[in-house]
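To keep things clear, I will list the structure first and then write my remarks on it.
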Amino acid sequence: MRYFFPLLLLLSMLASVLLPGCEPKEELVTTDGSARLAFSADTVKFDTVFVQTRTVSKRLWVYNRNKQAVRVDEIRLTGPYGQPYKLIIDGDSGAARQNVLIRGRDSLLVLVKATLNVNAQPDNRPFLTEDQLLFRTNGNEQRVKLLAFGQNAYFHFSEQLPCNTVWRNDKPHVIYGGVLVGPGCTLTIEEGTRVYCHAGAGVVVQGRLLINPTLQPTDEVKPEDRRLVRFQGDRLEGFYSDIPGQWAGIQFDPGSSRQSVVRFCEIKNSSFGLLVYNPDAQTPFPKVTVENAVFRNISGAGLTFASGGQSFDGGGILSFSGDFDVRNSLFTNCGEYALGGFQGGSYNLQYCTFANYTPQFQRKTASLTFSDGLPVRVPPRQISPVISLENCIVWGSIVDELFFNNSSRYLAQISVKNSVLRTQEYLGAADSGGKPGLARAGNLLNTDPKFRRTPETASGRYDYRLDTLSPASNRAVPLPLLPRDLRNLSRSSSAPDPGAYERVNP
């Protein structure tokens with residue numbers, strides 16, 4: 001009996017050597033020409049790629065659907081390696097791989113990257129760069145297409161711009177680190193310019209910024225209009241199209257000009273849209289005029305200010321002792337504030353739509369928040385703000401979309417007229433207890449304005465124009481200096497609509 005187990009072990013070893021039929025089928029290599037590979041896609045496609053910028057890796061899964069293993073004789077690009085594509089095959093980088101074994105019912109991962117070179121494309125339109133990934137197995141050749149749409153661009157790497165710089169619209173501008181507009185200098189951005197910012201990058205203005213300063217359209221300006229200046233992150237894959245916080249924003253420092261203008265512009269997917277950062281309340285306060293602009297998908301979520309590293313929330317517009325005139329503008333999906341004005345400043349808001357639905361956030365802050373101090377300063381420096389809100393819509397995901405912190409100190413400097421408001425805090429018909437009463441002066445409280453498409457009523461592309469049955473229609477008062485709306489459509493001369501859009505029945 002004591003020899004039984006050693007004998008059994010010996011017989012098992014002999015069986016494994018003498019009986020090859022016991023080898024698992026998935027490890028037996030077939031040379032049958034019908035044993036072909038399958039792929040997760042027939043084309044690996046990169047969305048628009050800026051030249052000289054490495055893309056993210058795209059995954060291609062290679063499947064062996066056969067019961068037995070196959071040996072891939074060769075995997076390689078048909079074109080020159082690295083021009084522009086590079087490969088990582090099963091964890092190893094290189095121009096090609098030979099004799100790659102894929103077990104039966106198993107798979108192989110191929111990662112593809114691309115770095116495009118400058119292309120002499122006429123008028124700098126996007127250009128197409130193609131190649132193929134070749135697989136040779138058991139005498140078969142199978143190919144997967146590689147496609148990348150390239151775009152020449154102007155690149156800005158942590159630079160201070162020369163005075164009186166003009167950004168042309170012939171190529172996109174891509175910012176790494178940030179750009180600085182120095183004191184006494186002006187950056188002018190032409191109509192139709194596209195600006196893409198890498199993670200954490202932005203524009204800091206110590207002089208003057210002019211965005212679309214001379215555009216005077218005579219026709220309708222639709223959301224896709226090529227004349228709009230657009231700011232967004234530099235990740236162009238579809239997944240990133242609506243994700244906030246991809247880049248910093250546009251910041252105005254103390255001493256910057258009171259003549260900065262932002263017109264016919266879209267700012268999206270940033271930590272803040274426009275920020276006046278003047279925490280020491282240096283005078284005169286920086287001032288920015290905003291006209292016909294859209295702010296969407298904004299969230300700070302971890303912003304820090306000052307050397308103390310105090311955290312603060314983001315916003316479409318944030319103002320720490322700054323002045324803003326905002327007209328014909330839309331704010332939506334701002335995770336903290338649509339507009340936050342702190343430690344004084346003047347805010348003149350006319351014909352604006354704050355449709356701040358925030359399905360991506362558990363927001364607790366009112367879309368419009370004003371205070372005479374800074375939350376990040378203890379003790380606060382108290383400077384009373386001056387607030388004028390006229391012909392606006394302030395609506396969104398929470399029941400109080402306006403908040404005037406310490407309002408008793410500047411009650412006489414709050415004016416809200418002919419607007420549609422969502423509020424439980426300020427329901428009075430007169431000021432009381434240090435709070436403004438907003439159920440007066442032509443305001444409509446807590447009545448859904450009925451936008452055409454919102455996250456609460458539909459999916460896909462949202463539309464914050466008023467529906468034909470909107471109770472908000474015709475409630476505004478004409479302002480002679482603003483006869484046209486966000487899309488440059490004529491407003492009614494007698495009973496216009498509040499908000500950024502004049503309703504036009506189909």
Side-chain angles (χ1 to χ4, degrees), residues 220-223 228 262-267 273 290-296 298 316-317 324-334 337-339 347-358 366-368 387-398 400-402 415-423 438 441-458 461-506:
E220 183 177 2
V221 180
K222 296 181 179 180
L228 296 174
V262 176
R263 302 179 66 248
F264 292 98
C265 176
E266 180 185 53
I267 299 174
V290 182
E291 297 177 340
N292 298 71
V294 174
F295 300 83
R296 67 172 85 246
I298 311 290
I317 289 178
F324 277 91
D325 289 343
V326 188
R327 310 174 188 119
N328 282 338
S329 294
L330 169 68
F331 298 75
T332 185
N333 198 30
C334 298
Y337 305 104
L339 190 154
Y347 306 92
N348 182 26
L349 313 177
Q350 298 172 309
Y351 282 124
C352 290
T353 294
F354 298 90
N356 200 23
Y357 298 92
T358 50
S367 291
L368 266 63
I387 302 153
S388 175
L389 192 71
E390 190 171 13
N391 291 352
C392 292
I393 298 175
V394 184
W395 204 260
S397 302
I398 64 177
D400 275 295
E401 291 292 6
L402 293 97
S415 174
V416 182
K417 300 185 294 184
N418 307 308
S419 295
V420 180
L421 312 170
R422 188 171 190 182
T423 177
L438 300 183
N443 296 321
L444 177 65
L445 305 189
N446 300 319
T447 299
D448 192 332
K450 295 190 181 300
F451 299 116
R452 290 187 180 184
R453 294 176 64 89
T454 75
E456 294 180 348
T457 62
R461 189 164 186 168
Y462 305 124
D463 188 342
Y464 296 111
R465 292 176 292 176
L466 296 178
D467 187 80
T468 55
L469 300 178
S470 170
S473 292
N474 309 123
R475 295 190 62 91
V477 172
L479 301 177
L481 296 181
L482 294 173
R484 294 182 175 272
D485 73 352
L486 172 60
R487 298 179 70 156
N488 201 46
L489 297 174
S490 295
R491 295 188 182 275
S492 168
S493 60
S494 57
D497 294 332
Y501 300 100
E502 182 74 4
R503 179 174 58 84
V504 178
N505 290 329

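Residue numbers run from 1 in the order of the sequence given.
- When all heavy atoms are compared, the tightest approach of Asp448 to Pro471 is O-CG, 3.2 Å.
- Looking at Ser397, its side chain does come within 3.5 Å of a backbone N or O of Thr358 through a donor-acceptor pair.
- The shortest non-hydrogen separation linking Asp467 to Ser473 is O-OG, 4.4 Å.
- In this structure, Arg422 and Asn446 have side chains that are in contact, with non-hydrogen atoms separated by less than 4.5 Å.
- A distance-only check finds no donor-acceptor pair linking the side chain of Arg296 to the backbone of Asn333 [under 3.5 Å].
- Distance check: Arg452 CZ to Arg503 CZ gives 9.0 Å after rounding to the nearest 0.5 Å.
- Counting heavy atoms from C-beta outward, Cys392 and Cys352 have side chains that approach closer than 4.5 Å.
- Taken from CD in Gln350 to CG in Leu389, the straight-line distance is 9.5 Å, to the nearest 0.5 Å.
- The two residues Thr332 and Ala355 make their nearest non-hydrogen contact at OG1-O, 2.9 Å.
- Residue Leu482 holds its CG atom at 7.0 Å from OH of Tyr351, rounded to the nearest 0.5 Å.
- From Asn488, atom CG reaches atom NZ of Lys222 across 13.0 Å, with rounding to the nearest 0.5 Å.
- With Phe295 as the partner, the ring pair (Phe, Tyr, Trp, His ring centres under 6.0 Å) test is satisfied by one option alone out of Phe331, Tyr337, Phe354: Phe331.
- Taking CZ from Arg465 and CG from Asp497, the interatomic distance works out to 12.0 Å, rounded to the nearest 0.5 Å.
- Using a 30° and 60° split on the angle between ring planes, Tyr464 and Phe451 fall in the perpendicular class, above 60°.
- In summary, the side chains of Arg491 and Asn391 do not present any donor paired with an acceptor at a separation below 3.5 Å, with no hydrogens or angles considered.
- Using a 4.5 Å cut-off on side-chain heavy atoms (C-beta onward), Val420 and Thr447 make no contact.
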| task | Apply the test side chain to side chain contact (heavy atoms under 4.5 Å, CB included) to residues Val294 and Leu486: give CA-CA distance (whole Å), side-chain angles for both, the deciding distance (0.1 Å), then the verdict. | result | CA-CA 9 Å; Val294 174; Leu486 172 60; 4.2 Å; yes
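- Put simply, the side chain of Ser329 gets close to the backbone of Ala293: a donor and an acceptor are under 3.5 Å apart.
- Residue pairs satisfying the salt bridge (Lys or Arg N to Asp or Glu O under 4.0 Å) criterion with at least one member in residues 470-489, sequence neighbours excluded, are listed as follows: Glu220-Arg487.
- Looking at Val416 and Val394, their side chains never come closer than 4.5 Å, going by heavy atoms from C-beta outward.
- Between Ile387 and Leu368, the closest side-chain pair of non-hydrogen atoms is not below 4.5 Å.
- Residues Cys334 and Asn356 share a closest heavy-atom pair of N-OD1, 2.7 Å.
- Counting heavy atoms from C-beta on, the side chains of Glu502 and Ser490 never come closer than 4.5 Å.
- In this view, Ala441 and Lys417, Asn443 satisfy the side chain to side chain contact (heavy atoms under 4.5 Å, CB included) rule, not counting sequence neighbours.
- Counting all heavy atoms, side chain and backbone alike, Pro498 lies closest to Asn418 at CB-O, 4.2 Å.
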| request: Walk me through it: do Glu266 and Leu228 pass the test side chain to side chain contact (heavy atoms under 4.5 Å, CB included)? | output: CA-CA 7 Å; Glu266 180 185 53; Leu228 296 174; 5.5 Å; no
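- Annotation: the span from Ser367 atom OG to Leu421 atom CG amounts to 11.5 Å, rounded to 0.5 Å.
- Residues Asn328 and Ala500 approach most closely at C-CB, 4.1 Å, considering heavy atoms.
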